[in-house]
2 protein chains.
Amino acid sequence: MNDRIAATPPATLAELLRRGNVFAEQCPSREVLKHVTSRWGVLLLVALLAGTQRFSDLRRKVGGISEKMLAQTLQWLEADGFVARIAHPVVPPHVEYSLTPLGIEVAGKVEVLADWIEFNLPAIMAARAARESGPD
Amino acid sequence: MNDRIAATPPATLAELLRRGNVFAEQCPSREVLKHVTSRWGVLLLVALLAGTQRFSDLRRKVGGISEKMLAQTLQWLEADGFVARIAHPVVPPHVEYSLTPLGIEVAGKVEVLADWIEFNLPAIMAARAARESGPD
DNA sequence: GTAAGTACGCACGGAAAGGTAAGTGCCGAA
DNA sequence: TTCGGCACTTACCTTTCCGTGCGTACTTAC
């Protein structure tokens with residue numbers, strides 16, 4: 001039983017290559033995963049679920065992020081096709097960021113994870129405390 | 001509409017503190033999130049969904065991970081209460097790692113995310129290619 | 001006239017992540 | 001008898017992350 005990963009069942013090899021396997025180094029899915037699960041990637045995706053926002057809106061909303069990392073992370077996510085960037089060529093720059101359909105999907109998954117952690121924080125902290133005080 | 005984050009609705013402040021808010025620096029949920037979404041944390045959690053495994057089993061399964069990072073990441077996850085470590089005091093060391101009930105839950109969420117990325121890799125790569133060749 | 005805001009890019013530097021190699025103590029296999 | 005495996009730990013060093021500060025081109029506000 002339970003060798004779900006080891007035995008990734010007969011799926012035509014071609015299927016395996018097409019689909020991507022996170023357990024294999026070299027697989028581009030590792031890259032995408034890195035962007036999505038990066039410190040600021042998670043926060044930005046969830047923040048963008050609230051709808052289209054401007055650069056400095058995001059900067060204020062996320063709190064703690066530097067302009068450099070905001071720009072860089074947005075570029076990663078844009079390159080992966082998760083974020084759409086619309087620049088209005090006006091005099092004080094005006095750029096709007098939003099999630100693409102693909103981005104809405106990942107952001108959803110990420111939000112579920114983040115929400116779970118937030119909600120279960122008490123239980124996690126309790127487990128940690130129990131370990132520190134007396135695991136016997 | 002959609003100011004879901006900005007307006008985290010009236011939840012008694014105490015509730016807010018208890019539950020944790022990823023958008024706030026200083027919140028311990030950031031720490032947990034860091035462990036769970038770390039490069040190897042993701043892989044290990046998903047790998048452990050396959051059941052109890054030994055140190056070197058995990059080392060081989062994940063592939064690319066060094067012993068140092070394997071040990072360290074397992075310690076993080078253990079401290080957060082996601083992984084249970086059982087050491088049999090036998091002559092050649094025998095240690096088994098498995099997910100706790102809490103761990104099974106997070107790992108589930110993480111797996112959903114990883115699976116989504118693997119499955120949608122083609123679409124992501126396509127989006128990337130489109131951007132490179134001719135975004136027009 | 002000066003300050004502030006907008007959306008970045010660039011360069012510097014410290015901190016952290018993470019790989020490599022070696023050591024540990026004991027055993028079974030070649 | 002030397003080698004390799006188990007489950008780590010430690011030291012060292014490279015790579016990457018990421019914050020800080022400065023510059024931009026222009027406008028509105030004071």
Side-chain angles (χ1 to χ4, degrees), chain A residues 22-26 28 30-45 47-48 52-80 83-98 135, chain B residues 22-26 30-45 47-48 52-80 83-98 131 135:
Chain A
V22 188
F23 283 96
E25 191 80 34
Q26 315 298 358
R30 286 266 182 111
E31 269 295 293
V32 178
L33 195 63
K34 191 162 78 178
H35 298 157
V36 169
T37 64
S38 72
R39 178 171 180 197
W40 302 117
V42 175
L43 282 310
L44 280 179
L45 284 174
L48 280 168
T52 299
Q53 277 150 100
R54 300 181 58 175
F55 186 87
S56 39
D57 290 339
L58 289 169
R59 175 158 167 54
R60 277 183 288 268
K61 173 172 292 186
V62 171
I65 195 172
S66 65
E67 293 193 353
K68 177 189 165 185
M69 290 316 295
L70 178 54
Q72 185 173 111
T73 308
L74 284 172
Q75 282 163 18
W76 287 342
L77 297 177
E78 194 196 349
D80 289 338
V83 163
R85 191 189 106 111
I86 301 176
H88 302 277
V90 291
V91 165
H94 186 110
V95 184
E96 294 186 338
Y97 292 93
S98 58
Chain B
V22 188
F23 282 96
E25 192 79 32
Q26 317 297 0
R30 286 266 180 112
E31 268 295 293
V32 178
L33 194 64
K34 190 160 82 180
H35 299 158
V36 169
T37 64
S38 72
R39 179 172 180 196
W40 303 116
V42 176
L43 282 310
L44 281 178
L45 285 173
L48 280 168
T52 298
Q53 276 149 102
R54 302 179 57 175
F55 187 86
S56 40
D57 289 339
L58 289 169
R59 175 159 168 53
R60 277 183 290 268
K61 173 171 291 184
V62 172
I65 196 172
S66 64
E67 292 193 354
K68 177 188 165 186
M69 289 316 296
L70 178 53
Q72 184 172 113
T73 309
L74 284 172
Q75 282 165 16
W76 287 343
L77 297 177
E78 195 195 349
D80 289 337
V83 163
R85 190 189 109 111
I86 301 174
H88 302 278
V90 292
V91 164
H94 184 110
V95 183
E96 295 185 338
Y97 291 94
S98 57
R131 212 166 318 282

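In what follows, every heavy atom counts, from backbone to side chain, and hydrogens, waters and symmetry copies are set aside. Throughout, protein chains are lettered first and strands after them, A, B, ... in sequence-line order, and every chain is numbered starting at 1.
For the atom pair B:E67 CD and B:L58 CG, the distance stands at 12.0 Å (nearest 0.5 Å).
Rounded to an integer number of Å, the gap from CG of A:L58 to P of C:dA7 is 10 Å. For the pair B:K68 NZ and C:dG23 P, the computed distance is 18 Å after rounding to whole Å. C:dA7 atom C1' lies 8 Å from atom CZ of A:R85, rounded to whole Å. B:M69 has its CE atom 17 Å from the P atom of C:dA21, to the nearest Å. Atom P of nucleotide C:dA7 and atom CD of A:Q53 are separated by 12 Å, given to the nearest angstrom. What separates CD of B:E67 from P of C:dT24 is a distance of 16 Å, to the nearest Å.
For the residue pair A:V95 and A:R85, the shortest heavy atom distance occurs at CG1-CG, 3.6 Å.
For the pair A:P92 and A:L74, both in contact range of DNA chain C, the more 5′-proximal nearest nucleotide belongs to A:P92. The residue among A:R60 and B:P93 whose nearest nucleotide of DNA chain C is located toward the 5' end is A:R60.
Contact check, B:Q72 against C:dA17: no side-chain N or O comes under 4.0 Å of OP1 or OP2. Note on B:S66: every side-chain N or O is 4.0 Å or more away from OP1 and OP2 of C:dG18.
The outermost nucleotides of DNA chain D lying under 4.0 Å from heavy atoms of chain A, listed 5' to 3', are D:dC18 to D:dT27.
The side-chain contact (heavy atoms from CB on, under 4.5 Å) with B:Y97 is formed by just one residue from the set B:L48, B:D57, B:T52, B:L70; it is B:L48.
Residues passing the side chain to side chain donor-acceptor pair (under 3.5 Å) test with B:Q53, sequence neighbours excluded: B:K61.
Of the listed nucleotides (C:dG18, C:dA17, C:dA7), C:dA17 has the atom at the smallest distance from the side chain of B:K34. Relative to the side chain of A:A71, the nucleotides C:dG25, C:dC8, C:dA7 differ in distance, and C:dC8 lies closest. Considering only the side chain of A:V95, C:dA7 comes nearest among C:dA7, C:dG9, C:dG18.
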Review item, side-chain donor-acceptor pairs of residues 37-44 of chain B, under 3.5 Å, at least two apart:
unit_1, atom_1, unit_2, atom_2, d
B:T37, OG1, A:T37, O, 3.3
B:T37, OG1, B:L33, O, 2.7
B:S38, OG, B:H35, O, 3.0
B:S38, OG, B:G41, N, 3.0
B:R39, NH2, A:E25, OE2, 3.3

